[in-house]
Amino acid sequence: MLLPAKTEVARHLRRYRAWERAMLASPDDRRVRATFEDSGYTLCVLMGKRCAREAADAAERYLRTTLVTYLREQHAARPHVAAMARRGRPKSPGRGAERRSPAGR
């Protein structure tokens with residue numbers, strides 16, 4: 001997993017927090033809201049998260065820990081492939097159910 005430089009993460013996190021404060025101060029301003037959402041999206045892309053709040057939390061953790069510690073935390077938070085494989089394949093649908101081609105699996 002590639003991670004951005006900590007200086008870039010810190011810069012984008014500061015930008016996100018500044019626009020968050022501006023958006024909370026004037027929630028009706030569309031320009032402020034749009035810029036806040038753009039900064040959140042950028043942070044999501046940098047940190048590999050789907051939600052801006054998760055990305056901000058991940059960025060804060062990344063900045064206060066070492067790279068090895070951060071990667072261990074990320075690995076521990078993900079479901080393990082081996083555990084998912086043990087559950088087995090889902091039961092096939094009954095008669096009359098929609099069938100899928102082998103390519104769609």
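Here the structure is a predicted model, which means the values were calculated and not measured.
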Nearest 0.5 Å, please: how far is [atom2] in [Y] from [atom1] in [X]?
X	Y	atom1	atom2	value
L24	R33	CG	CZ	9.0 Å
Y41	C44	OH	SG	8.5 Å
R11	L43	CZ	CG	11.5 Å
E20	L13	CD	CG	9.5 Å
Y16	T42	OH	OG1	11.5 Å
H12	M47	NE2	CE	11.5 Å

May I have the list of side-chain donor-acceptor pairs in residues 48-63 shorter than 3.5 Å, sequence neighbours left out?
residue : atom : partner : partner atom : Å
K49     : NZ   : Q74     : OE1          : 3.0
E60     : OE2  : R17     : NH2          : 2.8
Y62     : OH   : P4      : O            : 2.6

Legend entry - Qualifying residues under side chain to side chain contact (heavy atoms under 4.5 Å, CB included), relative to D29, sequence neighbours excluded: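 Scan of D29 (side chain to side chain contact (heavy atoms under 4.5 Å, CB included), adjacent residues dropped) gives S26, R31, V32.
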Legend entry - Qualifying residues under side chain to side chain contact (heavy atoms under 4.5 Å, CB included), relative to T7, sequence neighbours excluded: A5
